Structures are given as C-alpha cells and as structure tokens.
Undergrad: 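The structure is given below, and queries will be raised subsequently.
Just so it is clear, the structure is predicted and the values come from calculations on it, not from any experiment.
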2 protein chains.
Amino acid sequence: MADDPLSTTFAALADPTRRAILARLAEGAATVKELSEPFAMSGPAVSKHLRVLERAGLITRGRDAQWRPCTLDATPLREVTEWADGFRRFWDDSHRRLDAYLERMKEQEDDH
Amino acid sequence: MADDPLSTTFAALADPTRRAILARLAEGAATVKELSEPFAMSGPAVSKHLRVLERAGLITRGRDAQWRPCTLDATPLREVTEWADGFRRFWDDSHRRLDAYLERMKEQEDDH
DNA sequence: CAGTTAGATAACCGAGTGGTTAGGTACCCA
DNA sequence: TGGGTACCTAACCACTCGGTTATCTAACTG
C-alpha cells in the first residue's frame, strides 16, 4: 500500500470491521474490549484493526489504568470528502446542470 | 480484502496511481496507452490498476478497433461521500454548533 | 502475595497486491 | 501477407493483510 496520507486513509476504510468500529466510536469513546464485543474475532485481530486506524489518524488512544480508551478523530474523513467532491459533477444532477450552463457561456464567449 | 461494494471502492481508491487515473478520466475518455503515459511503469501494471477500477465500478471499458477506451463512472464515489457524511458533524463547525444546540434543547426537555 | 483482567506483541499462515518479463491476441495498414 | 500497434494473460517475485494461537506486560483486587 502507498504511504501518502490519502491512500492510508482509504486503505483503513476498506474494511467493514474498521468502518463499524468508527461508527461505534461516533457514539463516544470506548475501550478495546467494548469495541471487540460485536465481532466474532480474537482480541489481537481487533488490536491490529485499531493500529491501522491509529496510523491513519482516524482514532487516538488514551490511557486509563489497564484500559486504553479509543476516541474518534474524523479529520482525515474531511480530506476524503474533499477529494471525492472533485468528482461531484459526475453524479450530482444540479452540478451537471451548472456544468452545462458554464459550457454554454463558454461557447458564447468563443463566438465573439 | 472484503468484497462488499464500499470496501471494494475504498480499496480501489487507496492507490495514488489509480486516483490519478480517475482524475485524468474526469477530463474525458482515454485509451490505456494515454493513461499509461504519466507513469513510469509497464503496460501490464496499468492494466491491473484498470481492472481494479473496473471491478469497483469506477470505470467502464469500451471497444474501438484495437483501442479499449476507458470512461469514468463516479457513482460509487457518491456512496463514499454519503458514508463519510455520516461523520460530518465531527469535523464541520456549523454541524458541531447545530449538535450543541440540539443537545441544549434536549436538556431543556429533560428538565420538565 | 496470588489471581484476574485489559491489552499488546510475536510468530505464523493463506490469500491478495503491485510490480516485473515473456508471450499471445486482435486489429490496422502497406 | 507481413509488420507494427494496442492490449491482455500467464507466471513469477517480494511484500502486505487479515486472521490465528501463544506468550508477555501492566494494572487492579482479594
């Protein structure tokens, strides 16, 4: 996998378990144990997923006695939407109409 | 890699070469050769990237004599932004203010 | 202290990735 | 018909990924 920030973020999101973890964290911080509950997989597996999310900057991990509470950090998701927004005109009808309008304007300019 | 649609899309986007290909296709259809130009890699490597993009539904490939023109299909990107929008309140200040407002309303309700 | 709980690390495995080179297919053109 | 161009497939390589079990550390609790 490439190691530029956007690629790291996309790669981290390319797994339903990790997206479910983020969805859970959207409701508030949680311990590793709590995050593991919904999944039929071992602790170390969840640990690995969390490390991927941490490296992508999507979560931060604190410390409270023997617990390591995870909290969501959605900043990288903003970059994701900003990137995808560059393609909005290809699916958004209103943007498509605006594109067509600008195209007509440009053609009028060219007529001069 | 998981094979659900969203994971497939995210995985396809987790590579700068593939994102550059999509950016190029945003300016119009292109042949495999044209898409290869900017990259210092062999033809088969580009072919593989295109196959990943095709499996993710991000491009479609036509046929014109010995050329296989690629065109962009951004529909999966809409799903991406829709998913990320579920987290918008964690980075968007205006949404954060709305959240706080709703929270205060809820507290007032609880006082009754 | 011993025992339990939360969690990380290490070593391993099968499958997939991203690249290569070599060779094959399909089409156009002289 | 023969040659060049566009593209794909096959086989291979080093590496990563997502999972496992076994083992370790760190902290609380009796």
Side-chain angles (χ1 to χ4, degrees), chain A residues 1-25 28-72, chain B residues 1-25 28-72:
Chain A
M1 197 255 307
D3 60 350
D4 65 283
L6 205 44
S7 297
T8 309
T9 306
F10 276 127
L13 298 177
D15 185 290
T17 304
R18 288 195 289 264
R19 291 197 305 276
I21 289 176
L22 293 180
R24 165 63 188 79
L25 289 178
T31 70
V32 178
K33 191 76 185 306
E34 287 166 345
L35 292 174
S36 304
E37 301 293 0
F39 307 109
M41 70 179 68
S42 64
V46 175
S47 245
K48 285 192 178 184
H49 283 304
L50 292 177
R51 195 145 50 94
V52 173
L53 291 170
E54 193 178 21
R55 279 204 317 155
L58 284 161
I59 66 171
T60 54
R61 283 197 268 190
R63 183 127 206 191
D64 175 16
Q66 67 265 52
W67 296 279
R68 232 127 309 184
C70 301
T71 52
L72 179 66
Chain B
M1 196 254 308
D3 60 349
D4 66 282
L6 206 44
S7 297
T8 308
T9 306
F10 276 126
L13 298 177
D15 186 289
T17 304
R18 288 195 288 264
R19 291 198 305 277
I21 289 176
L22 293 180
R24 165 62 187 79
L25 289 178
T31 69
V32 178
K33 190 75 184 306
E34 287 165 346
L35 292 174
S36 304
E37 301 294 359
F39 308 108
M41 70 179 69
S42 64
V46 175
S47 246
K48 285 191 181 185
H49 283 304
L50 292 177
R51 194 148 51 93
V52 173
L53 290 171
E54 192 178 22
R55 279 203 316 155
L58 284 161
I59 66 171
T60 53
R61 283 197 268 190
R63 184 127 205 193
D64 175 13
Q66 67 265 49
W67 296 279
R68 232 128 310 183
C70 300
T71 51
L72 179 65

Undergrad: What's the closest nucleotide to the Arg51(A) side chain, out of dT9(D), dA26(C), dT9(C)?
TA: dT9(C)
Undergrad: Respond yes when some side-chain nitrogen or oxygen of Arg18(A) is under 4.0 Å from OP1 or OP2 of dG18(D), and no when none is.
TA: yes
Undergrad: Could you check if a side-chain atom of Glu54(A) sits within less than 4.5 angstrom of a side-chain atom of Cys70(A), using non-hydrogen atoms only?
TA: no
Undergrad: If you check every side-chain atom of His49(B), which of dC27(C), dG18(D), dG19(C) has the closest atom?
TA: dG19(C)
Undergrad: Nearest to the side chain of Lys48(B) - dG18(D), dG19(C), dT17(C)?
TA: dG19(C)
Undergrad: Measuring from the side chain of Ser42(A) (C-beta onward, heavy atoms only), which nucleotide among dG19(C), dG7(C), dT20(D) has the closest atom?
TA: dT20(D)
Undergrad: I'd like to know if the side chain of Arg18(B) reaches the main chain of Ala12(B), judged simply by a donor and an acceptor atom lying under 3.5 Å from each other, with no hydrogens or angles considered.
TA: yes
Undergrad: Please classify the nucleic acid contact of Thr17(B) as base, sugar-phosphate, or nothing, using heavy-atom distances under 4.0 Å.
TA: nothing
Undergrad: Test your reading of the model: is there a side-chain donor-acceptor pair from Asp64(A) to the backbone of Trp67(A), 3.5 Å cut-off?
TA: no
Undergrad: Choosing from dG18(D), dT9(D), dC17(D), which nucleotide comes nearest the side chain of Pro44(B)?
TA: dT9(D)
Undergrad: Should Met41(A) and Thr17(A) count as side-chain neighbours, where that means a heavy-atom distance under 4.5 Å?
TA: yes
Undergrad: Measure from the side chain of Lys33(B), starting at C-beta and using heavy atoms only, and say which of dC7(D), dG18(C), dG7(C) lies closest.
TA: dC7(D)
Undergrad: For a quick check of understanding: with a heavy-atom distance under 4.0 Å over all strands, which category does Ala65(B) fall into, base, sugar-phosphate or nothing?
TA: sugar-phosphate
Undergrad: Is the backbone of Asp3(A) close enough, under 3.5 Å, to the side chain of Ser7(A) for a donor and an acceptor to pair up by distance?
TA: no
Undergrad: Toward the 5' end of DNA chain D, which comes first, Arg68(A) or Ala14(A), by nearest nucleotide?
TA: Ala14(A)
Undergrad: Is any side-chain nitrogen or oxygen of Ser47(B) closer than 4.0 Å to OP1 or OP2 of dC7(D)?
TA: no
Undergrad: Rounding to an integer number of Å, can you tell me how far Glu37(B) CD sits from dT5(D) C1'?
TA: 13 Å
Undergrad: Using heavy-atom distances to pick each residue's nearest nucleotide on DNA chain D, tell me which of Gly43(A) and Arg63(A) is more 5'.
TA: Gly43(A)
Undergrad: For Arg61(B) and dC8(D), is the shortest distance between a side-chain N/O and OP1 or OP2 below 4.0 Å?
TA: yes
Undergrad: Select one nucleotide: of dA6(D), dG18(D), dG18(C), the one nearest the side-chain heavy atoms of Gln66(B).
TA: dA6(D)
Undergrad: Select from Met41(B) and Arg55(B) the residue whose nearest nucleotide in DNA chain C is closer to the 5' end of that strand.
TA: Arg55(B)
